[in-house]
Amino acid sequence: MRRLGPWLCVALLAASLPALAQKSPKPAADDKGGDKSQTEISADQGIEWDKNSHVYIARGNAKVTRGDRMIEADRIMAYHRGEGTSKSDIYRVDAEGSVRITSGDNVMTGDRGIYDNDNKVARLTGRNLSLVSPDSKLTARDSFEYWDDRHMAVARGNVVVIRGSDEMRADQVVAYFEPKDGSQPDPQGGSRGKQRVARIEAYGKVYIASCQGYAHADKALYDPNTGTAVLTGNVRMTRGREQVNGETVEMNTRTGYTRVVSAGSNSGSGGRVVALIEPNKDAATPDTKPTDRPGAPECDDKNSGAPAGAQPKNGGAPTAAQPKRQR
């Protein structure tokens, strides 16, 4: 085991990884002038190199950087294939303690993390699991995965998605990302330009809430950029004092537009669509069915998507388009 001094920054090139003292050939630059194949390891408390096991161990504010991807943790173990192989680069990184993985402008956090460089996938477990992008935040209980080449994130266990004034919860969520400014994905696994969530698929005990209302279902396909959601399986949607049940329901979290595609065999109505509307007998009585969105910001005229005049004035009762929320 060879120990390298603290505050040391080590540049690891695929062609010269086992021999740090040798001068590396000039790397090929990408279109931004950087070297996408170069891996850099740094740490506050030092870096150890186990030549026999082909692993670097970095401790104390440890960082591994390659291209626009950075892995930070209290302790990092970076494995390489060693001399005499066709590939002597870093193929796996294990991180422990306050793990933070940055890929482009997406940031994942957790207690433990593994990055598989061959398949370009990051996996995080432990507490405080989250994935934050410029327009959304996902949290989960069990695990997170992010696939660089597919620009896809998978969250499992009590997943919560916050985007603007919309909130979604489910047992499992798959989120797909796309370039926000029309740029093309990086073929080497990174991302060029900012990204946004293009599509969200939610499975198991799905709950989606917005300033327009809320709904329960078994599965949901949601486009956060248009606000369109297609809910399937035991759908129960509530907006103000209106409730719609069906097997497949289309809704828009911004405009409040709703369309029931199928009532389903378990609706109890012989296949007919059922809509329950409770008359507003007392305008002074507040809505007793709040839109539960604890993680999303407050609704107002700007983010509710309700038509003009739908908002109550001077403390008046909420309309069907804007149910009053209770905390």
Side-chain angles (χ1 to χ4, degrees), residues 41-45 57-79 92-117 119-148 150-177 189-191 194-197 200-209 220 222 224 292-298 327:
I41 302 178
S42 64
D44 288 351
Q45 298 176 9
I57 304 173
R59 294 183 174 90
N61 191 27
K63 297 180 182 180
V64 175
T65 305
R66 181 170 181 171
D68 63 354
R69 185 188 310 112
M70 176 184 293
I71 304 174
E72 304 171 84
D74 296 336
R75 179 175 179 267
I76 287 178
M77 301 179 67
Y79 297 87
R92 170 173 165 157
V93 174
D94 292 0
E96 297 178 356
S98 303
V99 178
R100 177 185 174 95
I101 299 179
T102 303
S103 181
D105 51 12
N106 293 326
V107 179
M108 297 176 61
T109 60
D111 286 337
R112 296 174 298 277
I114 297 175
Y115 187 81
D116 181 345
N117 196 52
N119 296 306
K120 292 183 172 54
V121 56
R123 297 182 177 90
L124 275 79
T125 57
R127 299 168 299 175
N128 303 318
L129 292 173
S130 69
L131 188 155
V132 179
S133 66
D135 61 354
S136 306
K137 179 178 181 180
L138 287 74
T139 59
R141 180 196 62 203
D142 298 337
S143 65
F144 258 120
E145 293 179 4
Y146 186 83
W147 298 73
D148 280 333
R150 303 180 187 179
H151 301 282
M152 176 185 75
V154 182
R156 297 181 176 89
N158 290 347
V159 183
V160 178
V161 182
I162 303 293
R163 188 184 188 278
S165 58
D166 296 347
E167 177 169 330
M168 174 184 286
R169 307 176 203 166
D171 292 337
Q172 178 174 315
V173 164
V174 181
Y176 297 87
F177 296 82
S191 60
K194 294 186 178 299
Q195 294 194 349
R196 66 178 183 179
V197 178
I200 294 177
E201 299 174 1
Y203 305 92
K205 299 178 182 177
V206 176
Y207 173 83
I208 182 170
Y222 175 54
D292 184 13
R293 302 162 37 258
E298 291 290 332
R327 297 290 184 184

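The structure presented is a predicted model; accordingly, all values stated were derived computationally and were not measured.
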Checklist entry - Side chains of Ser143 and Thr125: is there a donor and an acceptor less than 3.5 Å apart? => result no
Next on the checklist: With a 3.5 Å distance limit and no angle check, can you tell me whether Ser103 reaches the backbone of Asn106 through a side-chain donor-acceptor pair?
Outcome noted: no
Checklist entry - Are any of the side-chain heavy atoms of Tyr115 and Arg69 separated by less than 4.5 Å? => result yes
Checklist entry - What is the distance from atom CG of Leu129 to atom CE of Met108, rounded to the nearest 0.5 Å? => result 8.0 Å
Checklist entry - Are any non-hydrogen side-chain atoms of Glu167 and Val161 less than 4.5 angstrom apart? => result no
Checklist entry - Where is the tightest heavy-atom contact between Val173 and Ala202, given as atom of each residue plus distance? => result CG2-CB, 4.1 Å
Checklist entry - Taking the side chain as C-beta and beyond, is there a heavy-atom pair between Glu201 and Tyr222 under 4.5 Å? => result no
Item to check | Arg156 and Glu145: CA distance, side-chain angles, deciding distance, side chain to side chain contact (heavy atoms under 4.5 Å, CB included) verdict | outcome: CA-CA 9 Å; Arg156 297 181 176 89; Glu145 293 179 4; 3.4 Å; yes
Checklist entry - Are Glu96 and Arg75 within salt-bridge range, i.e. N to O under 4.0 Å? => result yes
Next on the checklist: One thing to verify: whether Asp135 and Arg163 come together as a salt bridge, which I'm taking to mean a side-chain N less than 4.0 angstrom from a carboxylate O.
Outcome noted: yes
Checklist entry - Hey, mind stepping through Lys63 and Ile41 against side chain to side chain contact (heavy atoms under 4.5 Å, CB included) and telling me if it holds? => result CA-CA 6 Å; Lys63 297 180 182 180; Ile41 302 178; over 6 Å; no
Next on the checklist: Do Val107 and Ile101 make a side-chain contact, defined as non-hydrogen atoms from C-beta onward lying under 4.5 Å apart?
Outcome noted: no
Next on the checklist: Do Arg100 and Thr102 make a side-chain contact, defined as non-hydrogen atoms from C-beta onward lying under 4.5 Å apart?
Outcome noted: yes
Item to check | Audit row: Val93, Met77, side chain to side chain contact (heavy atoms under 4.5 Å, CB included) steps and yes/no | outcome: CA-CA 6 Å; Val93 174; Met77 301 179 67; over 6 Å; no
Checklist entry - For Ser98 and Asp74, which heavy atoms make the closest approach, and how far apart are they? => result OG-OD2, 3.9 Å
Checklist entry - With side chains defined as the heavy atoms from C-beta onward, is the minimum distance between Pro224 and Asp166 less than 4.5 Å? => result no
Item to check | Tyr146 OH to His151 NE2 distance, which is reported to the nearest 0.5 Å | outcome: 6.0 Å
Checklist entry - Distance-only, no hydrogens or angles: does the Asn117 side chain make a donor-acceptor pair with backbone N or O of Lys120 under 3.5 Å? => result no
Next on the checklist: To the nearest 0.5 Å, what is the distance between CG on Asp94 and CD1 on Ile76?
Outcome noted: 10.0 Å
Item to check | Minimal non-hydrogen separation, Arg123 against Asp116, with atom names | outcome: NH1-CB, 4.5 Å
Item to check | CA sep, side-chain torsions, deciding dist, call: Asp171, Lys205, salt bridge (Lys or Arg N to Asp or Glu O under 4.0 Å) | outcome: CA-CA 6 Å; Asp171 292 337; Lys205 299 178 182 177; 5.1 Å; no
Checklist outcome for this item: One should read off an interatomic distance between Leu124 CG and Arg112 CZ, to the nearest 0.5 angstrom, of 9.5 Å
Checklist outcome for this item: When rounded to the nearest 0.5 Å, the distance separating CG of Leu131 from CG of Leu138 is 6.0 Å
Item to check | Pairwise side-chain contact, Val174 with Met152, heavy-atom cut-off 4.5 Å (strictly under) | outcome: yes
Checklist entry - For the atom pair CZ (Arg196) and CZ (Phe177), what is the distance rounded to the nearest 0.5 Å? => result 12.5 Å
